[in-house]
Amino acid sequence: MSIFGTRPEAIKMAPLVRELALRPEFESLCCVTAQHRQMLDSVLEIFHLRPDYDLNIMEPNQTLSTITSKCLMGLEGVMSQAKPDLVLVHGDTSTTFAGALAAFYQKIPVGHVEAGLRTWDRYSPFPEEMNRRLVGEIAELHFCPTASNRENLRRQGVENGAFVTGNTVIDALRTTVSKEYRFTTKLLNELDYTARKVVLVTCHRRENYGKPMASIMTALRRLADDFPETELVYPVHLSPVVQEAAAQYLSGHPRIHLIPPLDAEEMHNLMARCYLVMTDSGGLQEEAPALGKPVLVLRQETERPEAIAAGTARLAGTDEETVYAMGAVLLRGGDGYTSMARAVNPYGDGQACRRIADAIAWKFGLSHRMPEEFAP
């Protein structure tokens with residue numbers, strides 16, 4: 001049984017659910033909590049997935065406590081009924097933690113997809129860092145995107161059951177990205193992605209609320225002012241805090257486009273055509289390098305240091321002057337930009353789902369072949 005509840009989880013789990021469903025040795029069930037209802041549904045539609053179970057927990061002004069408790073109670077009933085042999089959870093959301101804990105309470109083994117990411121700061125990102133650490137203690141199978149993720153688990157005392165598979169998001173891009181893709185909005189269809197430098201922006205993390213977000217957005221506006229060939233496209237998160245900040249600092253500029261959140265297909269195709277990505281998102285740090293796009297990470301630290309080491313991403317932090325200066329270097333082009341755009345993606349080759357399915361089959365004695373590991 002694969003369990004997920006947010007759009008980023010769905011993007012990364014959908015290709016795995018499809019891979020498992022194609023294997024005759026598995027009966028693949030899918031349960032969504034709908035921690036994010038609207039954004040989750042768009043991904044299910046893109047990948048033609050119909051969940052076997054849907055908890056539909058989302059409510060207005062939900063808190064971490066309400067999400068976790070509603071997931072835990074709902075999943076208790078689902079697991080009691082379905083009795084899965086293995087529960088798969090993804091990443092670091094409240095759904096992830098509650099899914100792993102619900103399975104543990106019923107003594108069902110847990111497999112953790114995208115295991116081993118760490119900042120080693122329990123409050124950054126919050127609550128994700130602690131969610132994934134706790135899931136790491138519960139899980140028996142750990143599907144790590146990279147070798148350094150597995151080393152993080154060893155630092156935590158996890159010695160067995162870890163497999164290096166690559167990241168399933170690279171598999172997802174094979175489904176979503178197309179040169180012939182047409183966007184659903186006039187703006188995105190009419191932007192000149194060749195003559196203009198289109199910068200894709202996301203900024204929504206809780207730890208960036210307040211002064212960090214104000215500094216980031218002030219820097220973004222300055223970049224738009226100083227580089228007239230630049231167009232900033234910012235799909236604004238639905239959080240009221242983010243909506244208010246974006247309106248205050250970025251609205252009214254002719255080359256800053258504040259648009260509603262995009263579904264996975266739209267976001268991936270925009271990323272494929274843009275010049276540069278500036279983001280505090282986790283997933284975009286993995287997706288953009290696969291599409292040859294440099295990434296400036298708008299955070300103080302990242303649990304994805306492989307991109308920094310490979311040269312596909314740089315840590316810009318949240319200081320206004322630093323964000324502006326690093327953005328300006330890339331917008332001027334030249335070798336600084338080219339070296340990042342051509343760096344090798346460290347996160348996968350599009351075969352992560354196959355490796356995960358092979359590892360599960362091997363672990364449960366359905367295959368005698370040891371799964372191969374991903375190496376960039």
Side-chain angles (χ1 to χ4, degrees), residues 4-12 14 32-47 49 56-62 67 93 169 172-173 175-178 181-193 196-206 208-209 213-214 216-218 220-221 223-224 230-285 287-288 291 293 295 298:
F4 50 92
T6 68
R7 180 177 71 171
E9 288 174 285
I11 293 168
K12 294 180 176 184
V32 298
T33 66
Q35 178 180 333
H36 293 168
R37 178 79 270 172
Q38 182 180 353
M39 292 188 286
L40 170 73
D41 287 345
S42 69
V43 179
L44 296 177
E45 184 177 339
I46 290 165
F47 287 92
L49 284 185
N56 195 29
I57 69 161
M58 185 172 175
E59 62 182 47
N61 303 313
Q62 59 190 6
I67 294 169
T93 70
V169 76
L173 291 173
T175 298
T176 55
V177 174
S178 168
Y181 182 79
R182 291 287 295 172
F183 295 99
T184 58
T185 62
K186 183 179 179 181
L187 168 69
L188 295 182
N189 281 323
E190 292 186 351
L191 276 176
D192 189 337
Y193 297 95
R196 311 292 288 169
K197 292 181 177 178
V198 176
V199 179
L200 171 59
V201 174
T202 75
C203 184
H204 69 275
R205 285 209 173 268
R206 291 171 187 263
N208 278 343
Y209 284 6
M213 191 166 287
I216 290 168
M217 292 185 180
T218 302
L220 292 172
R221 192 173 187 104
L223 289 169
T230 296
E231 306 273 349
L232 268 62
V233 179
Y234 180 5
V236 185
H237 195 276
L238 296 176
S239 160
V241 175
V242 179
Q243 293 268 336
E244 182 179 340
Q248 178 180 349
Y249 292 99
L250 297 175
S251 64
H253 195 289
R255 287 179 289 101
I256 298 178
H257 310 287
L258 303 179
I259 64 174
L262 299 175
D263 68 26
E265 200 167 25
E266 298 250 298
M267 179 66 89
H268 287 171
N269 282 281
L270 175 57
M271 202 183 317
R273 299 178 193 187
C274 78
Y275 175 83
L276 166 67
V277 176
M278 298 179 71
T279 182
D280 63 2
S281 164
L284 267 64
Q285 295 176 51
E287 295 160 354
L291 298 168
K293 307 302 176 180
V295 182
L298 305 174

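In this text, all values refer to a predicted model and were calculated from it rather than measured experimentally.
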Pair E231 + R255, salt bridge at N-O below 4.0 Å: no
Working for side-chain hydrogen bond (donor to acceptor under 3.5 Å, both in side chains), residues S42 and E45: CA-CA 5 Å; S42 69; E45 184 177 339; over 6 Å; no
Side chain to side chain, V236 and P260, heavy atoms closer than 4.5 Å: no
Shortest non-hydrogen contact between A272 and L291, atoms and distance: N-CD1, 3.8 Å
Spacing of CE belonging to M217 relative to CG belonging to L298, to within rounding of 0.5 Å: 9.5 Å
Close side-chain approach of V233 and V199, heavy atoms under 4.5 Å: no
Side-chain donor/acceptor of Y234 to backbone N/O of C203, under 3.5 Å: yes
Any V43 side-chain heavy atom under 4.5 Å of D263 side chain: no
Residue pair S251 / R221: nearest heavy atoms and the distance that separates them: O-NH1, 3.1 Å
T176 backbone acceptor or donor facing N269 side chain under 3.5 Å: yes
Side-chain heavy-atom pair R273, V198 within 4.5 angstrom cut-off: no
Heavy-atom pair with the smallest gap, counting every atom of G5 and L40: O-CD2, 4.1 Å
Distance (rounded to the nearest 0.5 Å) between Y249 OH and I256 CD1: 13.5 Å
Check: M271 and V177 side chains under 4.5 Å, non-hydrogen atoms: no
4.5 Å side-chain heavy-atom contact, L284 and T202: yes
Value rounded to 0.5 Å, distance of OG1 in T184 from CG in N189: 8.0 Å
Gap separating the CD atom of E266 from the OG1 atom of T185, nearest 0.5 angstrom: 6.0 Å
Test item: E190 side-chain N/O and L187 main-chain N/O as donor-acceptor pair under 3.5 Å: no
S239 versus Y209, side-chain donor and acceptor atoms under 3.5 Å: yes
T230 and L223: CA distance, side-chain angles, deciding distance, side chain to side chain contact (heavy atoms under 4.5 Å, CB included) verdict: CA-CA 8 Å; T230 296; L223 289 169; over 6 Å; no
Q285-T279 side chain donor-acceptor pair, cut-off 3.5 Å: no
Y193 side chain vs L188 backbone, donor-acceptor pair below 3.5 Å: yes
Under 3.5 Å: donor-acceptor pair, side chain of K293, backbone of C274: yes
Value rounded to 0.5 Å, distance of OG1 in T93 from CZ in F4: 11.0 Å
More than 12 heavy atoms of other groups within 6.0 Å of Q62 CD: yes
Donor-acceptor under 3.5 Å (R37 side chain, E59 main chain): no
Backbone N/O of H237 and side chain of Q243: donor-acceptor pair under 3.5 Å: yes
Main-chain N/O of H204 paired with D280 side-chain donor or acceptor, under 3.5 Å: yes
Gap separating the CG atom of L200 from the CE atom of M267, nearest 0.5 angstrom: 5.0 Å
